[in-house]
2 protein chains.
Amino acid sequence: MTSKADLLNRLKEEILTLTLKPGTILSETAMSERFRMSRTPLRDVLKQLAHEGYIHVYPKRGNLVSAIDLESVEQIIYLRSTLEKDILKELASRSAPLPIRGMLELRQIVGQQEESVRREAGHEDFLRLDDAFHKALFALAGRVFLWDLIQQSNVHYARYRRLHLLQKEKLEEIIGEHRLILDLLENRDTGQIDEIVRHHLREDIHAADLRGNFAEYLNLPRLGESEDPGIRTDAEESGGQG
Amino acid sequence: MTSKADLLNRLKEEILTLTLKPGTILSETAMSERFRMSRTPLRDVLKQLAHEGYIHVYPKRGNLVSAIDLESVEQIIYLRSTLEKDILKELASRSAPLPIRGMLELRQIVGQQEESVRREAGHEDFLRLDDAFHKALFALAGRVFLWDLIQQSNVHYARYRRLHLLQKEKLEEIIGEHRLILDLLENRDTGQIDEIVRHHLREDIHAADLRGNFAEYLNLPRLGESEDPGIRTDAEESGGQG
DNA sequence: GTCGAGAGCCTTGTATACAAGATTAGCTAT
DNA sequence: ATAGCTAATCTTGTATACAAGGCTCTCGAC
């Protein structure tokens with residue numbers, strides 16, 4: 001009943017939203033029963049998840065949802081930060097006027113973010129709009145390709161954001177920064193872009209904050225190195241349909 | 001006899017070096033016979049190739065070595081250019097002295113490049129050293145992670161470089177720019193970095209040059225859209241062992 | 001001659017049996 | 001009681017039979 005693509009997206013979402021916690025076992029046989037699918041297509045799905053860093057395959061032992069790799073988080077933040085600075089400065093220093101439709105869309109997204117906060121629509125809704133905002137910026141500069149590329153490599157960063165948001169509710173600050181970015185663009189002000197982007201994407205992350213509260217999500221002890229991986233079974237918590 | 005990992009690397013190399021030309025059919029059954037391997041592990045290999053853009057899978061029809069996507073080339077060049085500018089400027093404006101070992105390694109690589117050109121060791125050797133140089137720059141800034149990330153997405157760019165090199169032999173110019181980059185670093189001169197990197201990575205590519213001579217490698221007509229894909233069989237040209 | 005239906009052959013997609021490595025539990029010898 | 005070996009039972013890895021969809025070539029109707 002569940003198609004391969006559906007299952008892939010579903011697992012991705014559950015891992016990204018931390019519904020499936022790092023360290024959870026994803027056994028081929030168990031899943032093939034649960035999703036009424038033979039092991040072959042299921043292995044395709046797991047292969048892809050492994051390739052994109054969602055899970056870690058321990059040969060002949062099992063597949064575990066990967067731990068959040070803080071090194072990867074830091075690198076991706078730097079990547080995004082560098083790119084967005086350059087993109088914004090390029091946009092702000094264009095001689096041609098900025099596309100009206102694009103800027104309008106950006107303003108609308110910021111409006112929706114305010115709406116989302118006011119309605120208390122939850123973190124996932126806010127994050128979705130936040131992604132939409134930044135993707136629209138990339139689009140404005142003709143760089144959606146690179147946005148998508150980063151998205152393929154952001155498993156760890158995406159989960160980091162969830163944990164980070166859980167700690168500090170700075171949603172209004174984020175919205176304010178979005179608005180400021182748009183103002184800078186329209187005023188053709190390139191002077192403050194570096195500073196704003198750096199702060200907005202929080203290059204100055206401090207892993208220590210997370211280590212205290214979410215240690216079990218981070219840097220899982222490696223399997224096969226005289227250290228117990230802390231395996232916990234998946235059970236039925238993610239709502240199979242069998 | 002051939003292991004899965006070996007086959008994967010081999011196919012990657014043959015595709016990157018254009019030994020396997022865009023449009024070449026990689027049939028599962030044919031390859032399984034040729035490499036004495038059952039279809040299951042072979043499909044794993046093809047899956048990964050597809051995921052990284054080396055081949056294009058037409059469901060129920062076949063797997064073709066992908067055409068060189070010039071859009072992807074342009075985007076990756078921009079990505080590399082932006083990152084390398086930032087990395088170099090960061091390195092050049094550090095208060096701490098640059099690591100002696102790292103700078104020595106970079107000088108050595110440039111020396112090897114001269115040696116390679118003098119010995120006429122061929123394009124592949126030169127490209128290998130060129131990659132080594134730029135990777136070493138990323139390493140100096142603690143950004144090897146991002147270098148590797150880009151490498152995973154550079155199928156089209158890597159092949160573009162081969163075609164480009166075939167046209168213009170500017171090897172000495174490239175070496176000179178490498179040397180200039182190192183000089184700028186040691187002199188802490190951030191002023192010329194933007195210009196040098198932009199020119200070095202040739203952001204100003206002109207696809208037209210390639211379209212004339214290598215049209216058959218680019219933008220293959222899409223299969224299944226009333227257009228013949230121009231399929232040519234793989235035959236035995238890549239040296240099977242069966 | 002031209003168009004269309006259909007069979008055969010091609011491809012990839014799926015299911016499942018079997019192989020092989022890894023861990024663990026238990027039994028035996030000391 | 002404990003150390004060590006063995007066997008059972010997990011896991012993923014592989015081989016292969018079968019299913020299903022797409023293309024082409026042929027044959028037939030018009």
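Computation of the quantities below employed the complete heavy-atom set of this structure, encompassing side-chain atoms and omitting hydrogens, waters and symmetry-equivalent molecules. Chain A is the first sequence line, chain B the second, and so forth, proteins listed ahead of strands; every chain is numbered from 1.
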[X] (side chain) donor-acceptor with [Y] (main chain) under 3.5 angstrom:
| X | Y | result |
| --- | --- | --- |
| A:Gln75 | B:Gly142 | yes |
| A:Asp125 | A:Ser116 | no |
| B:His156 | B:Asp69 | yes |

Pick out the pairs of N or O atoms, protein on one side and nucleotides 16-21 of chain C on the other, that lie under 3.5 Å.
residue, atom, partner, partner atom, Å
C:dT16, O4, A:Thr40, OG1, 3.0
C:dG21, O4', A:Lys60, NZ, 3.0

It should be established whether [X] places a side-chain nitrogen or oxygen under 4.0 Å from OP1 or OP2 of nucleotide [N].
| X | N | value |
| --- | --- | --- |
| B:Arg61 | D:dC23 | yes |
| A:Thr29 | D:dT11 | yes |
| B:Asn63 | C:dT11 | no |
| A:Arg43 | D:dT12 | no |

Checklist entry - Mind checking whether B:His134 and B:His178 have parallel, tilted or perpendicular rings, split at 30° and 60°? => result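 The arrangement is perpendicular - the two ring planes meet at more than 60°.
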
Item to check | Lys/Arg cation over aromatic B:Tyr78: A:Arg143, 6.0 Å, 45° cone | outcome: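 So A:Arg143 does make the cation-pi contact.
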
Checklist entry - Should we say atom NZ of A:Lys12 is surrounded by more than 12 heavy atoms from elsewhere, each under 6.0 Å from it? => result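 Enclosed.
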
Separation of [N] [atom2] from [X] [atom1] (nearest whole Å):
| X | N | atom1 | atom2 | result |
| --- | --- | --- | --- | --- |
| B:Glu33 | D:dA15 | CD | P | 14 Å |
| B:Glu28 | D:dA19 | CD | P | 18 Å |
| A:Leu7 | C:dG13 | CG | P | 17 Å |
| B:Leu64 | D:dC23 | CG | P | 13 Å |
| B:Leu42 | C:dT11 | CG | P | 13 Å |
| B:Arg36 | D:dT14 | CZ | P | 18 Å |
| B:Asp44 | D:dT12 | CG | P | 14 Å |
| A:Tyr58 | D:dG13 | OH | C1' | 18 Å |

Checklist entry - Which sits closer to the 5' end of DNA chain C, B:Ala30 or A:Met37, going by the nucleotide each is nearest to? => result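 Final value for this comparison: B:Ala30.
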
Checklist entry - Do B:His123 and B:His164 have ring centres separated by under 6.0 Å? => result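 Ring centres of B:His164 and B:His123 not closer than 6.0 Å.
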
